[in-house]
K.L.:
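Quick one: the structure is below, and I'll ask about it shortly.
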Amino acid sequence: QKATKSPPPPSPLRFSKFFQSNMRILVTGGAGFIGSHLVDRLMENEKNEVIVVDNFFTGSKDNLRKWIDHPRFELIRHDVTEQLLIEVDQIYHLACPASPIFYKYNPVKTIKTNVIGTLNMLGLAKRVGARILLTSTSEVYGDPLVHPQPESYWGNVNPIGVRSCYDEGKRVAETLMFDYHRQHGIEIRIARIFNTYGPRMNIDDGRVVSNFIAQALRGEPLTVQHPGTQTRSFCFVSDMVDGLIRLMEGEDTGPINLGNPGEFTMIELAETVKELINPAVEIKMVENTPDDPRQRKPDIAKAKELLGWEPKVKLRDGLPLMEEDFRLRLGVEKKN
Ligand code: NAD
Ligand code: UDP
Ligand code: UDP
């Protein structure tokens, strides 16, 4: 005798398959400059659900305006120094102020964010089996004695200086990542990001490219900090986001340098901004801050070989894109 069968309940497997085809991605610091561009790129893929966690210290909801209310997007006001209990497949851990004036404003908080914040995200990764990517920094090389800087260079960092909350904080964060990897088998990725610029940087965030562009648009002198011969290498944000995603999706733990090897002195940068944006503006030499690295340029051989990545946007092409965004936000129209 045949029992009348009701249709089988959906198996947990079928559910998990359904959910697995969607990748749930946490972006800490996703309301910030790099984070919000990363969110834009991740949201382009219809299989991704994106959760942003941010305490809005330097970031803003405005940067995520277009995703608020989107069914695949969620924004949580939360401080990463506190425990976070959610379920995710991948974690891009960016939360940390990146501009010297902000990370020096409350240095104890900065080091807590780097150390306790990273520990919490690793604890979360361990509990749910997620892969986690840390955005470390070229600051781990300190005032480098090797130039350009390969990943194998251990750096020259002052442990008790005013920048230490940031650079030593990131160094400990890297250590924690590798300890969780070795001790608990967590899948980790570490990017060492070099100076990055582009639309959505805070206008008054104090970093050199945003300062010069805002000054040029306001008709104020461009403040080159002494001696002006110090160098940096500037990467446009779309290239950076591309590198971060390749690193996350690739097989290598890193650390991997991500940056644009085009190297400029601060005087050269000021002259370029002046030429492109406002030739009438003056260039003024001002006092520098302590422990300013004298030179910085990434060796990106590893990123090229392992990720097939190199930056595409040259400084002269990226600056006008940032100028456009700053004009809109400052309400300064282009003459001609
Ligand atoms: P940003 O200041 O624009 O973004 C950082 C975000 O983290 C902000 O939205 C901020 O509100 C949030 N945040 C800070 N502390 C937090 C906390 N305790 N809890 C939750 N959220 C917190 O900076 P960015 O330039 O977008 O930098 C992003 C990451 O990239 C940082 O980890 C930074 O160290 C790293 N990085 C950036 C650069 C660069 O040139 N922009 C260079 C090297 C490394
Ligand atoms: N943690 C978290 N979310 C989680 C799991 C852990 O925020 O889903 C935090 C937890 O509060 C702890 C840290 O991550 O402070 C490290 O967690 P782990 O389990 O590695 O260490 P333990 O809790 O044993 O100290
Ligand atoms: N700088 C400058 N004028 C400014 C701000 C910064 O000349 O208005 C210089 C600063 O001395 C440093 C470089 O620009 O040598 C990069 O500084 P930034 O704060 O942008 O980033 P850092 O690489 O130091 O984190």
Side-chain angles (χ1 to χ4, degrees), residues 28-38 52-60 63-64 76-88 92-103 109-110 112-114 116-128 130 134-140 163 166-167 169-170 173 176 180 183-184 186 191-198 200-202 205-212 214-215 222-235 237 240 244 258-259 265-267 269-270 285-289 291-296:
T28 74
F33 159 55
I34 299 177
S36 64
H37 286 280
L38 174 65
V52 165
V53 157
D54 204 294
N55 70 351
F56 302 120
F57 173 45
T58 53
S60 135
N63 290 335
L64 297 167
I76 306 175
R77 179 190 287 265
H78 176 85
D79 195 306
V80 292
T81 60
E82 303 292 339
Q83 188 185 47
L84 178 66
L85 291 172
I86 56 173
E87 318 303 314
V88 291
Y92 285 90
H93 178 40
L94 281 71
C96 177
S99 161
I101 57 171
F102 287 112
Y103 70 64
K109 177 71 193 202
T110 301
K112 279 186 186 168
T113 295
N114 276 319
I116 303 172
T118 303
L119 182 73
N120 284 338
M121 292 311 104
L122 282 162
L124 171 64
K126 187 177 96 184
R127 183 177 60 80
V128 301
L134 169 75
T135 51
S136 184
T137 169
S138 54
E139 299 268 334
V140 299
R163 297 175 86 104
Y166 184 71
D167 44 36
K170 290 284 189 181
L176 278 168
Y180 267 76
Q183 195 173 331
H184 298 303
I186 306 300
R192 289 191 181 146
I193 298 183
F194 285 64
N195 298 61
T196 302
Y197 71 102
R200 294 192 198 145
M201 284 184 92
N202 278 322
D205 121 332
R207 279 181 277 186
V208 67
V209 182
S210 47
N211 272 8
F212 285 178
Q215 288 162 341
L222 309 186
T223 53
V224 173
Q225 290 174 352
H226 190 78
T229 49
Q230 70 272 34
T231 65
R232 292 292 187 276
S233 308
F234 299 101
C235 185
V237 66
M240 183 54 59
L244 291 173
L258 294 179
T265 68
M266 294 310 104
I267 293 172
L269 177 67
M285 198 61 73
V286 300
E287 216 179 296
N288 205 338
T289 53
D291 293 338
D292 184 38
R294 279 159 293 185
Q295 50 180 9
R296 188 183 292 155

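Order of appearance sets the numbers: ligands from 1, and atoms from 1 within every ligand. No experiment lies behind these values; they were computed from the predicted model shown.
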K.L.:
Show me which atoms of ligand 1 lie under 4.0 Å from any heavy atom of Gly59.
P.N.:
8 (C), 9 (O), 10 (C), 11 (O)
K.L.:
Assess Arg163 for proximity to ligand 3: is some non-hydrogen atom of it under 4.0 Å away?
P.N.:
yes
K.L.:
Any atom of ligand 1 sitting under 4.0 Å from a heavy atom of His78?
P.N.:
yes
K.L.:
Under 4.0 Å from a heavy atom of Thr135: which atoms of ligand 1 are those, numbered in the order shown and with their elements?
P.N.:
29 (C), 30 (O), 31 (C), 32 (O), 35 (C)
K.L.:
Ignoring hydrogens and angles, state whether a donor on the side chain of Thr223 or Gln215 is under 3.5 Å from an acceptor on the partner side chain.
P.N.:
yes
K.L.:
If you measure from each heavy atom of Ala31 to ligand 1, is any distance below 4.0 Å?
P.N.:
yes
K.L.:
With heavy atoms of Arg207 as the reference, note each atom of ligand 1 found under 4.0 Å away.
P.N.:
25 (O), 39 (C), 40 (O), 41 (N)
K.L.:
Just going by heavy-atom distances, which of Ile34, Asp167, Thr118 is nearest to atom 37 (C) of ligand 1?
P.N.:
Ile34
K.L.:
For ligand 3, indicate whether the residue Gln230 contacts it via side chain, backbone, both or neither (heavy-atom separation under 4.0 Å).
P.N.:
side chain
K.L.:
In chain order, what residues pass the salt bridge (Lys or Arg N to Asp or Glu O under 4.0 Å) check against Arg127, with sequence neighbours excluded?
P.N.:
Glu87
K.L.:
Using heavy atoms and a 4.0 Å limit, tell me yes or no: is Tyr197 in contact with ligand 1?
P.N.:
no
K.L.:
Kindly confirm or rule out an N or O of Asn288 lying under 3.5 angstrom from an N or O of ligand 3.
P.N.:
yes
K.L.:
Are there more than 12 heavy atoms of other residues, nucleotides or ligands under 6.0 Å from atom NE2 of His226?
P.N.:
no
K.L.:
Any nitrogen or oxygen of Arg207, side chain or backbone, less than 3.5 Å from one on ligand 3?
P.N.:
no
K.L.:
Ignoring angles and geometry beyond distance, decide whether Thr58 reaches within less than 3.5 Å of ligand 1 through its nitrogen or oxygen atoms.
P.N.:
yes
K.L.:
Taking distance alone, with no angle check, do Val80 and ligand 1 share an N/O pair under 3.5 Å?
P.N.:
yes
K.L.:
Does Gln215, backbone or side chain, put an N or O under 3.5 Å from an N or O of ligand 3?
P.N.:
no
K.L.:
Can you find an N or O of Ser138 that's nearer than 3.5 Å to an N or O of ligand 1?
P.N.:
no
K.L.:
Do Asp292 and Arg232 sit within salt-bridge range, that is, some charged N less than 4.0 Å from a carboxylate O?
P.N.:
yes
K.L.:
Are any of the N/O atoms on Ser60, whether in the backbone or the side chain, positioned under 3.5 angstrom from an N/O atom of ligand 1?
P.N.:
no
K.L.:
Heavy-atom distances under 4.0 Å are what count here, so tell me which part of Val286 touches ligand 3: side chain, backbone, both or neither.
P.N.:
neither
K.L.:
Please work out whether any backbone atom (N, CA, C, O) or any side-chain heavy atom from C-beta onward of Thr223 is under 4.0 Å from ligand 3, and answer side chain, backbone, both or neither.
P.N.:
both
K.L.:
Answer with side chain, backbone, both or neither: which part of Met266 has a heavy atom less than 4.0 angstrom from an atom of ligand 3?
P.N.:
side chain
K.L.:
I need the atoms of ligand 1 closer than 4.0 Å to a non-hydrogen atom of Asn195, numbered in the order shown.
P.N.:
40 (O)
K.L.:
What are the atom names and distances for all N or O pairs under 3.5 Å between ligand 2 and the protein?
P.N.:
residue, atom, partner, partner atom, Å
ligand 2, 3 (N), Leu84, O, 2.7
ligand 2, 7 (O), Leu84, N, 2.9
ligand 2, 8 (O), Leu84, O, 3.4
ligand 2, 8 (O), Arg127, NE, 2.5
ligand 2, 8 (O), Arg127, NH2, 3.1
ligand 2, 11 (O), Gln83, NE2, 3.3
ligand 2, 14 (O), Asn120, OD1, 3.4
ligand 2, 15 (O), Asn120, OD1, 3.3
ligand 2, 19 (O), Lys126, NZ, 3.1
ligand 2, 20 (O), Lys126, NZ, 3.1
ligand 2, 20 (O), Tyr180, OH, 2.5

K.L.:
With heavy atoms of Ala98 as the reference, note each atom of ligand 1 found under 4.0 Å away.
P.N.:
2 (O), 23 (O), 24 (P), 25 (O), 27 (O), 33 (C), 37 (C)
K.L.:
Using a strict threshold of under 4.0 Å (side-chain N to carboxylate O), is an ion pair present between Asp205 and Arg200?
P.N.:
no
K.L.:
Give the atoms of ligand 1, by number and element, whose distance to some non-hydrogen atom of Phe56 is under 4.0 Å.
P.N.:
11 (O)
K.L.:
Should Ala95 be counted as touching ligand 1, given the test is an N or O pair under 3.5 Å?
P.N.:
no
K.L.:
As an exercise, identify every atom of ligand 1 less than 4.0 angstrom from a heavy atom of Ser136.
P.N.:
44 (C)
K.L.:
Just distances here: any N/O of Val208 and N/O of ligand 3 closer than 3.5 Å?
P.N.:
yes
K.L.:
Can you name the ring-ring contact (aromatic ring centres under 6.0 Å, His included) partners of Tyr166, sequence neighbours left out?
P.N.:
Tyr103
K.L.:
If the cut-off is 4.0 Å to any non-hydrogen atom of Asn211, which atoms of ligand 3 fall inside it?
P.N.:
4 (C), 5 (C), 8 (O)
K.L.:
Going by ring-ring contact (aromatic ring centres under 6.0 Å, His included), name the residues that satisfy it together with Phe234, two or more places apart in sequence or in a different chain.
P.N.:
none
K.L.:
Are any of the heavy atoms in Lys112 under 4.0 Å away from ligand 1?
P.N.:
no
K.L.:
Say whether Glu139 and ligand 3 are in contact under the criterion: heavy-atom distance to a ligand atom below 4.0 Å.
P.N.:
yes
K.L.:
Between Val128 and Val88, what is the shortest heavy-atom contact and its length?
P.N.:
CG2-O, 3.5 Å
